[in-house]
Structure formats: structure tokens, C-alpha cells
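A short worksheet on the structure shown next.
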2 protein chains.
Amino acid sequence: MSDSTPRPTDAELEILKVLWERGPSTVREIQEILNGVRPTGYTTVLKFLQIMTEKGLVDRDASQRTHVYRTRRSEEQTQSQLVRELLGRAFGGSAAKLVMQALSTRKATAGELAEIRRMLDELEGGDAT
Amino acid sequence: MSDSTPRPTDAELEILKVLWERGPSTVREIQEILNGVRPTGYTTVLKFLQIMTEKGLVDRDASQRTHVYRTRRSEEQTQSQLVRELLGRAFGGSAAKLVMQALSTRKATAGELAEIRRMLDELEGGDAT
DNA sequence: GAGAAAGTACGAAACTTTTCGTGGAGGCGT
DNA sequence: ACGCCTCCACGAAAAGTTTCGTACTTTCTC
């Protein structure tokens, strides 16, 4: 029902982040951004995009000579997948444990905490009789 | 200040889970449990424990002929590391986003939700009531 | 039209992860 | 003592990840 695509690797995630931020992009555009952060060759990025196309992580528009890539899954969908898998791998499926680790690890802003509270209200009130 | 050891791989995590649950264990003990879940050879487990010893993920007591392995980091420490790294890799450091993904991904029990609320109270009202 | 520039495809090297096979050492039963 | 059973060390195969080099094609420029 949810994911058939494999979990993106670390390097793939770097590319996806650029695509989520910029929207559909060319290899060159992605490479220039990535290269600004860490030396990254053009063909390296190209190869990853080819691999990611095969894996179904991105779509390619090859109608022009310079291909344009776009993500197939939203950032939220991917985050959800990563959380779900981490939950299974390391938290015995207990979302509460993960949440508490996350909250104790990095401090969120007051606004974010309020948002989390709202979400708790929704979850609790949602199906209670 | 926090972690120098590398993030455990998926297979390594399976072994760590057994060690956290059972406490210090021999290769045989771990292998039997793992094998109950999924066919897993003895030398496979042994090799992983040797690698994990090199990586500093576990300690080995070799004073007896049958070595005994124990984890070097607690389950909570490891979970914290995994969350922190996932936060950086995929959530732009926003714990709130991760928390909300976790909450919307799997439903927690009422008790767990209450526990999260308590933690929010603690974080927010660090000094006030 | 020739040559440079920019793009894609392909292959492969280096590394990591996962999984075993083999060999050798140590201890036990008879 | 002899053979068996258990254990560890080592090496290596197979797969996955990361990174480029090279070759080929298309387009632009003079």
C-alpha cells in the first residue's frame, strides 16, 4: 500500500534534497549545487540519476537533449518511509520511543512544540468515543 | 562529545538487538536466536561480531575459549545516534518534522501519547508551571 | 564545415556490506 | 591416544554503494 521503491542511500538523498528544493532540474544544475558543498563530479551526479531512474526514485524527461529529472516521491513521503523503516529496524516499532529520542536529541522551538501538541490532540481525540 | 563509532549497519543492528535483550552472549547463543527468525549461519554471526569488535561497537571477553560479546553502547545511545543522523540526513535538523512523521506513521497507544505529552511539558515549562 | 563545448551512456575501480567455506586449535568421550 | 565436536581466524565471493574515466552524440561557434 505504501512503498515499493527502495530506501534511498545517503548519496541519493543528497540529490533528492536538491530536487525537492529546486524542483525539476538538470544534471548540471544539481552538480553545481552539490559541488558547492563538497567536490562532486558531473558524471558522478549523472550516474546517480541514472541509477535512481532505474530504481524508480526519480523520473526523467528526455524529450530535450538536456534531460530534466524530477522526484517521484515527495519529501514527506520519503521522510515517512525513512521513519517507518527506522522504527522497524531500531525501535521495535514503538513510535513513542522514537519521538522521545527525537525530542531529547534536538530542541524544537516553542512553535514546533505547540504544533506537536496539536497533533497529539488530533490523534487522541480522533477515534476516542 | 557524543559518538565516534560508526552507525551500525542493518545486519549489525540485528545482532545488537539480541545483545541488548539478552545481555552478554556467545556467538552460538546469538546465532540460534537469529537463525530462529531468518536462516543465519554460525560463521556469518561470528564474522559480524569480529567486524563489530574492530569498529568498537562491541567488546569481546576472550578469557574463555568461548568468547563472550557485549555491547559498548546502550540501546538508547544507539537509538539517539540513529535519530540524530537521520535528522541531519533527511529532516534538515528539524526534530519537530521527524516527530510528526513518526506520530502520523504509526499510531501510539494512549499511554505513550500521554508520555509524550509529559515530555513536552518538561521541555516547554522547564522552569514555569 | 571543423572544432570546441556540453550532454548522455557505459564500464569499471575502490570500497562497504553480507554471507559462507575452509582450516586449524582445543577439549571430550571411550 | 583417536576421533569428534565446538570454536575461532581468515579469506573470499557476491552484491550494493560511490566515484570517475572514456567514448560517443549533439549542438554551438567561427
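In what follows, every chain begins at residue 1, and chains take the letters A, B, ... in the order their sequences are listed.
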Judged by modelled atom types alone, do A:Gln81 and A:Glu85 share a side-chain donor-acceptor pair under 3.5 Å?
-> yes
Pick out which of B:Thr71, B:Ile33, B:Val37 makes a side chain to side chain contact (heavy atoms under 4.5 Å, CB included) with B:Val18.
-> B:Ile33
Record whether the side chain of A:Arg65 comes under 3.5 Å of the base of C:dT8 through a donor-acceptor pair of N or O atoms.
-> no
Any residue of residues 16-35 of chain A with a heavy atom less than 4.0 Å from an atom of DNA chain D | none
Pair B:Leu19-B:Arg70, side chain to side chain contact (heavy atoms under 4.5 Å, CB included): steps then yes or no | CA-CA 6 Å; B:Leu19 286 173; B:Arg70 75 191 63 230; 5.9 Å; no
Here the distance between atom P of C:dT17 and atom CG of B:Leu57, to the nearest Å, is 10 Å
Please state how far atom CE in B:Met52 lies from atom P in C:dT17, giving the value in whole angstrom units.
-> 12 Å
Side chain to side chain contact (heavy atoms under 4.5 Å, CB included) assessment of A:Tyr69 paired with A:Thr26 | CA-CA 6 Å; A:Tyr69 294 86; A:Thr26 65; over 6 Å; no
Check the distance between D:dG11's C1' and B:Glu54's CD and give it to me in whole angstrom.
-> 13 Å
Close N/O contacts between protein and nucleotides 12-17 of chain D (under 3.5 Å):
residue, atom, partner, partner atom, Å
D:dT17, OP2, A:Lys55, NZ, 3.4

Among A:Ile51, A:Thr53, A:Val58, which one satisfies side chain to side chain contact (heavy atoms under 4.5 Å, CB included) with A:Lys55?
-> A:Ile51
Between B:Thr43 and A:Thr40, just flag the one whose closest nucleotide in DNA chain D comes earlier from the 5' side.
-> B:Thr43
Give one of base, sugar-phosphate or nothing for B:Thr44, where a contact means two heavy atoms less than 4.0 Å apart.
-> base
Short side-chain N/O contact to D:dC10 OP1/OP2 from B:Gln50, under 4.0 Å = no
What are the two closest heavy atoms between A:Ala96 and B:Ile116, and how far apart are they?
-> CA-CD1, 4.1 Å
Walking DNA chain C from its 5' end, the first of B:Pro39 and A:Tyr69 to be reached, judged by nearest nucleotide, is A:Tyr69
How far apart are the closest heavy atoms of B:Gln101 and B:Phe91, and which atoms are they?
-> CG-CE2, 3.8 Å
Begin from the C-alpha positions of B:Asp59 and B:Arg72 and carry the test salt bridge (Lys or Arg N to Asp or Glu O under 4.0 Å) through to its verdict.
-> CA-CA 6 Å; B:Asp59 267 345; B:Arg72 272 179 73 79; 3.1 Å; yes
Can you hop from B:Val68 to B:Leu49 via hydrophobic side chains spaced under 4.5 Å?
-> no
Under 4.0 Å between a side-chain N or O of B:Tyr42 and OP1 or OP2 of D:dC8?
-> yes
Could you tell me the separation between the CD atom of A:Glu14 and the P atom of D:dT18, rounded to a whole number of Å?
-> 10 Å
Round to a whole Å and report the spacing from CG of B:Leu13 to P of C:dT18.
-> 10 Å
To the nearest Å, how far apart are B:Ile51 CD1 and D:dA9 P?
-> 13 Å
